[in-house]
Amino acid sequence: MKILMILFSISLTAGFAQAYPYECSQSGKRCSDAGYHEIPAQRERIVQPPREQVMGNCGEMLPLEHSYQNQFRGFSCGEAGERTVRTAHQHDPEAFARWENMAGANLQNERQELLQFDLNWEGELDFLVKEHYSYVKLEGDFLSTCDGYSNTEPYSTTCYVNVEEQYTYYVTVNTTCAEYYPEPEPSYDSGGGSTYSPGGSTYTPPSSPGSGFGGGSNLGSGFDRDSSYDDFDGSFFDLQKFMQERRLVPEIETVPAYTVTRKLAANCKRWNTREEPRTGWRSAGRESYSCTKTRNKFCIYPVTVNAARSCGNHKAKYSVDFEKDPNFKPGYVDASQPHRSYYDELPNKYDLLNGEFEKYIVYTNLGTSSIGGNISPVFHYDEDEMFNEYEYSVDQPQIRCEYGMAPEFNISVATLGRIPRRAPNPLAFPVDEDGNIQSPISFSGGDPTVNVNIDEAGDPNLDILGAGNPTEIVLFDKARMFMLMASEQSRLFSRPVGAPEADDDANLIANNNVVGVQSMDQETAFFYRGRFKLQLFRNEGLLGRELIMSRPLTFSNDSQADVFMDEINIDLQGNDGLDPLMRGPRVFLPMFSFMTRELGGWVKPGAEHYIKIQVAQQSFPFYISGCDDKECDSDEIEAAAYSEPLYIRWEADRSVDDRTFIQKLLDATRFQF
């Protein structure tokens, strides 16, 4: 029994010593944990299991490190797309001439056949195919559990503690004040004349209550007269202030004949003091001791890894076919939507007019298909930019994504009808006999220099350096000839014998053909009346603003411009009845018409300028026209009537300056009318 008690006491002592060194158990010391020296377990070498290189599903061997327990997961296909831009169909000139000569001969079916064409095209899409698989590899880490079992072990190391010891120090404490100040106004009883001697000194009370502090100098033994006393006027409030400034602590003592109140001064000149002990803790350093800790052992475990690799690009062939509407033929009338009725000029229903274009995109997968998923062909177009409304179908809406695939699919597009929109801008920059783009603008200082840049959309951007003021613009109107012909055809047909003549057309009868009603009696005949709107602007690079340099110039292309075939020549100097472009941009300018040259638009050398040109097709049945003659000729023109603008940009040559003195002054002050 005695041996067991000894062993128990030894184990208890050892356990305590392991927690902290023995000094911490002594009186007057205390310890706090300061950490320990960590010794990680040994990292083992990871040896991957034996494996053989396997063949992937793309027909090539997988890397050796990807071959252990390899599992195929499936294929995925990337996205692919191809864009097609469609413009007006260019008919055979001979067929088009025959179509024109058939007008008014009641040969609508034959005319339709001459202008019918099949709209279709083919293409290929390149898309990436990937194979997806998983494999197993061994990894290692220091874990508390491994394969479901505890993975820890004890180890011996060194622990540390911060030691503090207790010590005693002394402080000086004030006990009592050695001097007292008497109350200047004691209270009397009926006896009077008594004597009170505090602290061994004799105090004789004043003969009357009002003769103490108020004006006398008998302040008692030990009273130190100072400036605060000199300022005392004897009143109760001044006495209270005096006591607060001297920070006196009241003590009350009652003696025979009257009561005296003594005040203990907190800032006394002489104190009774004593030394009092205090205890505190201070650092005694850092100590170490041997201890036992627990750590995680190294664990090797299998990990499943998902991977993918490319199988190369695959091709998908596609075709797009625009279907013909068997009901769309001469005489077809859509009662609910007259604008979608048959037109001789659009015999296929999906036709586009000159100056119009539509963009289509055929693509597969917006992004990447899911693993083991399908390819979904799409025929995409922006409905807000279309001139016709379509719906489409795909013969293979879902194509299995696989390696070695070469899918083919067809897209059938049905035309529902024409969408009424504002007319597009049919103008284009002129070209020479070799098809090279030329400058559309001329200048008073000589021929400009031109560099042509083609952007990503295939549109030309002209870098023009011009000297002086612009004098002339030459542009190509891609739609003019067709619109003139369409207008002519809308007003010619064989009038039945005995049919009444319209009053407005009484003078236009010739060979039993009248002008005024469209073929098939569908709509009122129309005339081609294109309108132009031009305006001059300047970019001020210094201030980053756009200056309006002229009022809008509007005119008709068949009366105020020199037109030859499809070429339009616009004189900017005010010839041929056309107002000059270089006019002031504000309404008060007509009052100063004699200063048009001085206050009108001008070109500043070295600055960037541009002319914005828009076109409105009045009364043309294929478009929405928002203005009549009067509105189109006015300065207030409805925006919906005009096309998107064509910009002619140039930089003004610094070597030529045609500005007047007033214009130079306005430029110097950055003033704009």
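What you see is a predicted model, and the numbers here were worked out from it, not measured in a lab.
- At a threshold of 4.0 Å, the pair Asp334-Arg340 does not count as salt-bridged, since none of the basic side-chain nitrogens sits closer than that to a carboxylate oxygen.
- Aromatic ring centroids of Tyr390 and Phe387 lie 6.0 Å or more apart.
- Within a 6.0 Å radius of CZ in Arg278, more than 12 heavy atoms belonging to other residues, nucleotides or ligands are found.
- With rounding to the nearest 0.5 angstrom, the NZ atom of Lys293 is 13.5 Å from the NE2 atom of His37.
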Legend entry - Met405 vs Cys77, side chain to side chain contact (heavy atoms under 4.5 Å, CB included): CA-CA, chis, key distance, verdict: CA-CA 10 Å; Met405 62 186 301; Cys77 292; 3.9 Å; yes
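- Here the CD1 atom belonging to Ile361 is positioned 9.5 Å from the CG atom belonging to Asp382, to the nearest 0.5 angstrom.
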Inset, instruction - Mind running side chain to side chain contact (heavy atoms under 4.5 Å, CB included) on Ile464 and Val450 for me, showing each step along the way? - result: CA-CA 5 Å; Ile464 302 175; Val450 183; 4.3 Å; yes
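- Using bins of under 30°, 30° to 60° and over 60° for the plane-to-plane angle, the ring pair Tyr135/His66 lands in the parallel bin.
- Considering Arg286, Lys29, Arg30 in turn, Arg30 is the only one that fulfils the salt bridge (charged side-chain N to carboxylate O under 4.0 Å, His left out) rule with Glu164.
- If you look at Phe298 and Phe142, their ring centroids are closer than 6.0 Å.
- When atom types are taken as modelled, the side chain of Asp321 and the backbone of Glu323 share no donor-acceptor pair closer than 3.5 angstrom.
- Asp351 places a side-chain N or O within donor-acceptor distance of the main-chain N or O of Lys349, the cut-off being under 3.5 Å.
- Between His91 and Phe117, the angle of the ring planes goes over 60°, which puts this pair in the perpendicular group of the 30/60° scheme.
- In plain terms, the two heavy atoms of Ala607 and Asn539 that are nearest each other are CB-O, 4.5 Å.
- In this structure, Phe322 has its ring center closer than 6.0 angstrom to the ring center of Tyr360.
- Taken from NZ in Lys329 to CD in Gln116, the straight-line distance is 11.5 Å, to the nearest 0.5 Å.
- Distance alone, capped at 3.5 Å, is enough to place a donor-acceptor pair between the Asn348 side chain and the Leu115 backbone.
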Result block: side-chain N/O donor-acceptor pairs under 3.5 angstrom for residues 310-319, not counting sequence neighbours:
residue	atom	partner	partner atom	Å
Ser310	OG	Gly312	N	3.0
His314	ND1	Gly312	O	3.2
His314	NE2	Gly404	N	3.0
Lys315	NZ	Asp126	OD1	2.8
Lys315	NZ	Asp126	OD2	3.3
Tyr318	OH	Glu82	OE1	2.3
Ser319	OG	Asn410	ND2	2.6

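- The local environment of CD in Glu52 is sparse, with at most 12 non-hydrogen atoms from other residues, nucleotides or ligands closer than 6.0 Å.
- Without hydrogens or angle criteria, Arg649 side chain to Glu608 main chain gives no donor-acceptor distance under 3.5 Å.
- Rounding to the nearest 0.5 angstrom, the gap separating the CG atom in Asp395 from the OG atom in Ser412 is 7.0 Å.
- One finds the OG atom of Ser376 at 10.5 Å from the CZ atom of Phe409 (value rounded to the nearest 0.5 Å).
- Note on Glu358 versus Arg421: no salt bridge recorded, every NZ/NE/NH1/NH2 to OD/OE distance being 4.0 Å or above.
- In this structure a side-chain-to-backbone donor-acceptor pair under 3.5 Å is missing from Arg83 to Val362.
- A distance of 11.5 Å separates CE of Met386 from OG1 of Thr415, quoted to the nearest 0.5 Å.
- Looking at Lys324 and Asp118, a side-chain N of the basic residue comes within less than 4.0 Å of a carboxylate O on the acidic one, giving a salt bridge.
- The main-chain N or O of Gly35 is never found under 3.5 Å from a side-chain atom of Tyr160 such that the two would form a donor-acceptor pair.
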